[in-house]
Amino acid sequence: MSDSNTTDFTNPSTFLLLGIPGLEAAHIWISIPFCAIYSIAMLGNFTILFIVKREPSLHGPMFYFLCMLAVTDLVMSTSTVPKILSIFWFNSREISFSACLTQMYFVHSFSKMESGILVAMAFDRYVAICNPLRYSTILKNSVVTKIGLAVVLRSCIITLPYPFLARRWPYCRTNMIPHFYCAHIAVVKLACADISISSYYGLFNLISVSGMDLFFIAMSYTQILRAIFLLPTIDARLKTFGTCISHLSAISALYIPDLFYSLIQRFGHNVPLHFLILITSVYQLVPPMLHPIIYGLRTKQIRGRLLQLFTHKEN
């Protein structure tokens, strides 16, 4: 009897997502934190959007960028988690070839979008601290709109080769993806062809997007720190630096697991596969959950509006 998963084929109609290979027995238990994190991310990001929409005093550049980040987090989470939970709960592993490429495009483009929004938020902090008197004239609504469009266009264009490259390779070994979503490198590794182009483009993407974004963020914070150290008192320095803590926390939550995973995947050949996939889950699931918590707790305007909302409901 032939095995449909291993017979020769050039264009598989479906792929099979294996979840977390090696930890299949623990899928049900792993699904509990995954579901909890997804629920918190959805509730938190929708709450941010609701509060900013309802409160006119929050209609400013910083909160517009925060709303962009919330929408990006919602799309990123929803692109992967429902399918992950269906694998863990119902063993629903099949995903069509087209749906796999679509998921690949959405996940990678919105992760790049998230990175670009964090750069825009760093620019916002730079203007607010280094040029506070010109803040409203530099970051007008039209400028914020242009920055948002630039971030979206850059992400969509630079990610476009991923599904096209994945589609052009012949797949003749297996259609089983050892992952819980259609990550670009996990899919193209199944191809029975030289995938150097895909691998090099992924590395180029990492350097040109994440590397350049980190460079611009570092440049912004270099100028911010210079401005902070010029302030006359320690209290003023701490208060000003405190306005950046939320943004720095968001940067750490996104970039540290992303860079760690990307480097290990390319150079850590002896690292267990399930460990790599768990690192991916941190990158995919944790930032969308942490961002609304970080900004909700650290941003006085949002925290105050949230407390006011709950107090009003209790009354």
Side-chain angles (χ1 to χ4, degrees), residues 40-41 44-45 47-49 51-52 55 57-73 111 113-141 143-144 147-148 150-151 209-260 282-283 286-308:
I40 295 169
N45 285 293
T47 301
I48 293 288
L49 293 172
I51 289 175
V52 173
E55 185 56 50
S57 64
L58 301 182
H59 294 177
M62 183 178 110
F63 297 102
Y64 290 150
F65 289 135
L66 182 55
C67 286
M68 294 179 200
L69 186 65
V71 171
T72 303
D73 284 339
S111 67
M113 211 174 293
E114 190 168 31
S115 178
I117 292 168
L118 290 177
V119 175
M121 296 173 88
F123 179 65
D124 171 84
R125 291 297 83 209
Y126 162 74
V127 176
I129 293 171
C130 299
N131 294 284
L133 299 179
R134 299 180 57 204
Y135 181 82
S136 58
T137 57
I138 293 175
L139 284 173
K140 298 181 291 187
N141 286 346
V143 174
V144 173
I147 292 174
V151 169
V209 177
S210 297
M212 289 300 294
D213 286 354
L214 279 172
F215 172 76
F216 287 124
I217 290 171
M219 290 295 292
S220 296
Y221 273 96
T222 300
Q223 298 301 315
I224 288 170
L225 289 174
R226 287 180 60 187
I228 288 174
F229 284 125
L230 291 175
L231 293 174
T233 65
I234 294 178
D235 287 342
R237 293 172 191 171
L238 292 174
K239 184 177 179 181
T240 304
F241 185 73
T243 64
C244 302
I245 295 297
S246 298
H247 184 242
L248 290 171
S249 301
I251 291 169
S252 301
L254 178 69
Y255 284 114
I256 290 175
D258 182 23
L259 292 174
F260 185 61
V282 173
Y283 165 65
V286 173
M289 177 194 71
L290 285 182
H291 290 158
I293 295 174
I294 290 168
Y295 281 97
L297 293 177
R298 293 290 311 177
T299 307
K300 183 173 65 176
Q301 298 94 319
I302 292 179
R303 187 173 65 246
R305 188 67 184 89
L306 191 60
L307 290 172
Q308 184 182 352

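None of the values given here were measured: they were computed from a predicted structure.
Side chains of Y295 and S249: a donor-acceptor N/O pair is absent below 3.5 angstrom, by distance only.
Residue L66 holds its CG atom at 10.0 Å from CD1 of I117, rounded to the nearest 0.5 Å. Here CG of L118 is found 5.5 Å from CG of L254. Values are rounded to the nearest 0.5 Å.
Sorted pairs that involve residues 241-251 and meet salt bridge (Lys or Arg N to Asp or Glu O under 4.0 Å), not counting sequence neighbours, are lacking altogether. The stretch residues 211-239 participates, sequence neighbours left out, in these salt bridge (Lys or Arg N to Asp or Glu O under 4.0 Å) pairs: R154-D213.
Looking at residues two or more places apart in sequence or on another chain, you find a side chain to side chain donor-acceptor pair (under 3.5 Å) between Y221 and H247. For A150, the side chain to side chain contact (heavy atoms under 4.5 Å, CB included) test picks out no residue, with sequence neighbours left out. S220 pairs by the side chain to side chain donor-acceptor pair (under 3.5 Å) definition with nothing, not counting sequence neighbours. In this structure, Y64 has no side chain to side chain donor-acceptor pair (under 3.5 Å) partners at least two apart in sequence or on a different chain. For T137, there are no side chain to side chain donor-acceptor pair (under 3.5 Å) partners two or more places apart in sequence or in a different chain. Annotation: side chain to side chain contact (heavy atoms under 4.5 Å, CB included) contacts of F216 (sequence neighbours excluded): V119, M212.
No more than 12 heavy atoms of other residues, nucleotides or ligands lie within 6.0 Å of CZ in F241, so this atom counts as exposed by the packing criterion. Atom CG of L230 is surrounded by more than 12 heavy atoms from other residues, nucleotides or ligands within 6.0 Å.
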Name each donor-acceptor pair under 3.5 Å that joins a side chain in residues 286-293 to protein atoms two or more places apart or in another chain, with its distance.
{"from": "H291", "atom 1": "ND1", "to": "D73", "atom 2": "OD2", "distance (Å)": "2.8"}
{"from": "H291", "atom 1": "ND1", "to": "E114", "atom 2": "OE2", "distance (Å)": "3.3"}
{"from": "H291", "atom 1": "ND1", "to": "P287", "atom 2": "O", "distance (Å)": "3.3"}

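Minimum interatomic distance between A70 and N45 (heavy atoms only, all atoms of both residues): CA-OD1, 3.3 Å.
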